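Okay, structure first, notes after.
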Amino acid sequence: MDNPIRLNLSFYQREDVVKISKELLGKVLVSHFDNVKTAGIIVETEAYRGPDDKASHAYNNRYTNRTKVMYEAGGLAYVYLCYGIHHLFNVVTAKKGMAHAVLIRAIEPLEEIDAMLYRRNFDNLKPQLTAGPGVMSIALGITIANSGMDLTHPNSNIWIEDRKIVVKPKNIIESPRVGVAYAEECAGWNWRFRIAGNKFTSKAK
DNA sequence: CGAATGATCGGCT
DNA sequence: GCCGATCATTCGA
């Protein structure tokens, strides 16, 4: 099942992680587990730029068992556990040795919504089904077991497609990221991006 | 080896 | 709107 519109290495391995974060808005995140293919439009992202970024796990080039995936070449999934409960899905970008990543925070359900409802134990479609990095991973069936997966490999269970959904620059809202209160010089970096007016972003404004 | 920490969510007041 | 859950990872001894 080769997919010609799957994003490839030339997309992921660029240096400008902020630019990639913006371009991921409107792209379609697809997961394929247990013979069920779930998909959703990416509506909210957040950029994390390794060594300079106090909010990043890789700040100051911290290199551990967990963060080593971020130093790999772009195109891999980096999934980690937060608060012991939530699986957060990131995309590794840039070239090998550069610990840049984009956190996918929210999607708009697109395909196999029933499966996502089942995974979340929801009865009907509500914005909070996939609005938020932790719950989005549940809806798509993503866990830390998928960390390090190659998104560009033809047989991977997770990938991102370009379906030519156009997001105009004026419809991209830039805002400060969460957890930057302690990182003053980083507080001015508006590296959280979302699509204006979309109901499926986490907590509007 | 033990203790502190956290890029969140959901339930309760 | 606030508060507690819950555990892999990290760091210090």
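Owing to the predicted nature of the structure, the values given are computational and were not obtained by experimental measurement. Numbers restart at 1 for each chain; the letters A, B, ... are given by sequence-line order, proteins then strands.
B:dA7 is unpaired under the criterion used here, namely a Watson-Crick or G-U wobble arrangement in which both key atom distances are under 3.5 Å. In this entry C:dT6 has no Watson-Crick or G-U wobble partner, no candidate having both defining distances under 3.5 Å.
Under the 6.0 Å distance and 45° angle rule, A:Arg62 does not count as a cation-pi partner of A:Tyr59.
As rounded to whole Å, 12 Å separates atom C1' of C:dC3 from atom OH of A:Tyr83. When the P atom of B:dC9 is taken as reference, atom CZ of A:Phe122 falls 11 Å away, rounded to whole Å. One atom, CD1 of A:Ile138, and another, P of B:dT8, lie 14 Å apart when rounded to the nearest Å. In this structure, CG of A:Asn65 is placed 7 Å from P of C:dT10, rounded to the nearest angstrom. Rounded to an integer number of Å, the gap from A:Leu103 CG to B:dG6 C1' is 14 Å. We find that CD1 of A:Ile85 is positioned 10 Å from C1' of B:dG10, with the value rounded to whole Å. Taking atom CZ of A:Arg105 as the reference point, atom C1' of B:dC9 lies 12 Å away to the nearest angstrom. A:Ile142 has its CD1 atom 20 Å from the P atom of B:dA7, to the nearest Å.
Counting atom types as modelled, A:Tyr80 pairs no side-chain N or O with a base atom of C:dA8 as donor and acceptor under 3.5 Å.
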Pair A:His57-A:Tyr78, side-chain hydrogen bond (donor to acceptor under 3.5 Å, both in side chains): steps then yes or no: CA-CA 11 Å; A:His57 289 159; A:Tyr78 169 49; 2.9 Å; yes
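In the set B:dC9, B:dA7, C:dT6, the nucleotide with an atom closest to the side chain of A:Pro133 is B:dC9. Of the candidates B:dT8, B:dC9, C:dT6, B:dC9 carries the atom nearest the A:Val135 side chain, counting heavy atoms from C-beta on. Counting only heavy atoms from C-beta on, A:Tyr78 has its side chain closest to B:dA7 among B:dG10, C:dT10, B:dA7. Closest approach to the A:Leu88 side chain among C:dT10, C:dA5, B:dA7 is made by B:dA7 (side chain taken as heavy atoms from C-beta onward).
Between A:Arg120 and B:dC9, a side-chain N or O to OP1/OP2 separation shorter than 4.0 Å is absent. Contact annotation: A:Arg66 reaches the phosphate of C:dT10 (side-chain N/O to OP1 or OP2, under 4.0 Å).
A:Leu81 comes within contact range of the sugar-phosphate backbone alone, with a heavy-atom separation under 4.0 Å but no base atom that close.
A:Asn190 places no side-chain N or O within donor-acceptor distance of the main-chain N or O of A:Glu174, the cut-off being under 3.5 Å.
Each of A:Ile173, A:Ile42, A:Asn171, A:Thr45 was evaluated against A:Arg194; a single residue qualifies, A:Ile173, per the side chain to side chain contact (heavy atoms under 4.5 Å, CB included) test.
Comparing A:His86 and A:Ile144 by the nucleotide of DNA chain C whose heavy atom lies nearest to each, the residue mapping closer to the 5' end is A:His86.
The shortest side-chain heavy-atom distance between A:Ile20 and A:Arg14 falls under the 4.5 Å cut-off.
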